[in-house]
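A quick write-up on the structure given underneath.
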Protein chains: 2
Amino acid sequence: MATRNEPRTEPRIPLSRDRVLRAAVKLADESGIESLTMRRLAEEVGAEAMSLYYHVAKKEDVLDGIVEVIAGEINEAVGRIDVPSQGAAWKSAVRQRVLTAREVLLRHPWAPRVFETRADVSPPVVQYFDALIGLMRDGGFSYDLVHRALHALGSRALGFTQEMFDPGDGAGGEESSAMLEAMAERLPHLVGMLREIAHDDPDSTLGWCDDQTEFEFGLDLILDGLDGMRETA
Amino acid sequence: MATRNEPRTEPRIPLSRDRVLRAAVKLADESGIESLTMRRLAEEVGAEAMSLYYHVAKKEDVLDGIVEVIAGEINEAVGRIDVPSQGAAWKSAVRQRVLTAREVLLRHPWAPRVFETRADVSPPVVQYFDALIGLMRDGGFSYDLVHRALHALGSRALGFTQEMFDPGDGAGGEESSAMLEAMAERLPHLVGMLREIAHDDPDSTLGWCDDQTEFEFGLDLILDGLDGMRETA
DNA sequence: ACCTGAACACCGTTCAAGT
DNA sequence: ACCTGAACACCGTTCAAGT
């Protein structure tokens, strides 16, 4: 039925909250979260900025919405996991879920930042945590310990950490080793550490952090600690 | 020398980067970080918005700057600590520093968010971490383990965590226990946990989280885990 | 050297009006 | 019911001009 030679934008599908949110995710994925403005979003969806307001209340609503979309994606991925969780198995069950959530978030690098700025937890996130609590209960955790565990995990439960150091930028290449020596007096311990790490992994030129390895280390540290506290009746 | 009855704003002190940054911190403390705009900041300091650009490059520069101011405040507080850190004492030494950093941050609730959005680590923050690394070395940590430890601690090393749940809002009072029952089917584990926690601490009406207690729990969990990994030669 | 007025490009959002 | 044009208040920032 489609006529063949019109301007061929796609003004076919009518706008909807869902379509707006999906476009917002796409825009953030492709151009970064800072380029997600109501005007650019409208453009992306083939409408005027003001049309968006018929489907979302305000920009904050869009941000709430894209968090829900991503959390939904996580729940879908995590829902495919079917492993035992009774007793000692709780740990690997939780670990696998967290790492799966992480995989999803790695596809949306802007998402953690947006997650953190939401005032209220959205339903799919709540859903995710409910399941996580269930696994810990299977492992013999008291509700009180589960509660503490969730705080201890923090955002790690959802598969991300906020790194304080991200030496990706200033630490690239030859100049940095010279810089290192210059800092050695004021920052002996830090320089000592960097020197050794650079030595251990020479071809990474101070791209010193394998995020995945570090993430798993921190996660296991916490999970192991918690494991020692549960009631192994 | 001051004449007595002029409009008495304070156009005395000339502008400076330092004065701009201090005003920015004051503004954020009093009105929240979202009200820190170049125009409001200029007003605060008794000048026009455009005058600021003589002392700072751009708004990002202001944000970098206020992070440095806060980190400086932390370093000052932490610098007054003088406790042993050799061997097993490393843990309490680190713990005390982290909790001291946290005290400072609690006076600037907007600061964690700004810390997290900085691309590069500022000198005072680097300084803070250098000292922390030193303490862990005193405890017998290899550089490699120190490195992992810093990742495991993440922002906790600076005294804050990003909470995923902040039930301060929606969870206030009578309505919430009704809401709880309504959710019981879809979210059995979460509701179970909340029920018990509300029961344990009835007068907090679901203000279920003593942030300080939870922070210390998570911190100790990590520190204890790390303690078991150091070389106790 | 330090500060400013006018102006620009770009936001989010309202509102009355179109179909 | 759904979309839009014009307009408003407010951003960050540039630039030429003032002292």
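Everything quoted here is computed from the prediction, not taken from an experiment. The chains referred to below are lettered A, B, ... by the order of the sequence lines, with proteins before strands, and numbering in each begins at 1.
Distances were taken from every side-chain heavy atom of Glu48(A) (C-beta onward) to each of dG12(D), dT4(D), dC3(C); the shortest belongs to dT4(D). The Tyr54(B) side chain lies nearest to dC3(C) when the options are dC3(D), dC3(C), dC11(C). In this structure, the nucleotide among dT14(D), dG5(D), dG12(D) sitting nearest to the side chain of Met50(A) is dG5(D). Comparing dT4(C), dT14(C), dC3(D) by their nearest atom to the side chain of Tyr53(A) picks out dT14(C).
When rounded to the nearest whole Å, the span between CD of Glu43(A) and P of dT4(D) equals 13 Å. One atom, CG of Leu15(B), and another, P of dC2(C), lie 10 Å apart when rounded to the nearest Å. At whole-Å resolution of the value, CG in Leu52(A) and P in dC2(D) are 14 Å apart.
Judged by distance alone, with hydrogens and angles left aside, the side-chain atoms of Arg156(B) form a donor-acceptor pair with the main-chain N or O of Ala152(A) at under 3.5 Å. Checked by atom type and distance alone, the side chain of Ser51(B) never pairs as donor or acceptor with a backbone atom of Ala47(B) at under 3.5 Å.
The phosphate of dG12(C) has neither OP1 nor OP2 within less than 4.0 Å of any side-chain N or O from Lys58(A).
Within the nucleic acid shown, Thr37(B) comes within 4.0 Å of sugar-phosphate atoms alone, with no base atom in reach, counting heavy atoms only. Here Met38(A) lies in heavy-atom contact (under 4.0 Å) with sugar-phosphate atoms only.
Summarising the geometry, atom CG belonging to Asp64(B) is positioned 12.5 Å from atom NZ belonging to Lys59(B); distances are rounded to the nearest 0.5 Å.
Two residues, His55(A) and Arg39(A), neighbour DNA chain D, and the one matched to the more 5' nucleotide by heavy-atom proximity is His55(A).
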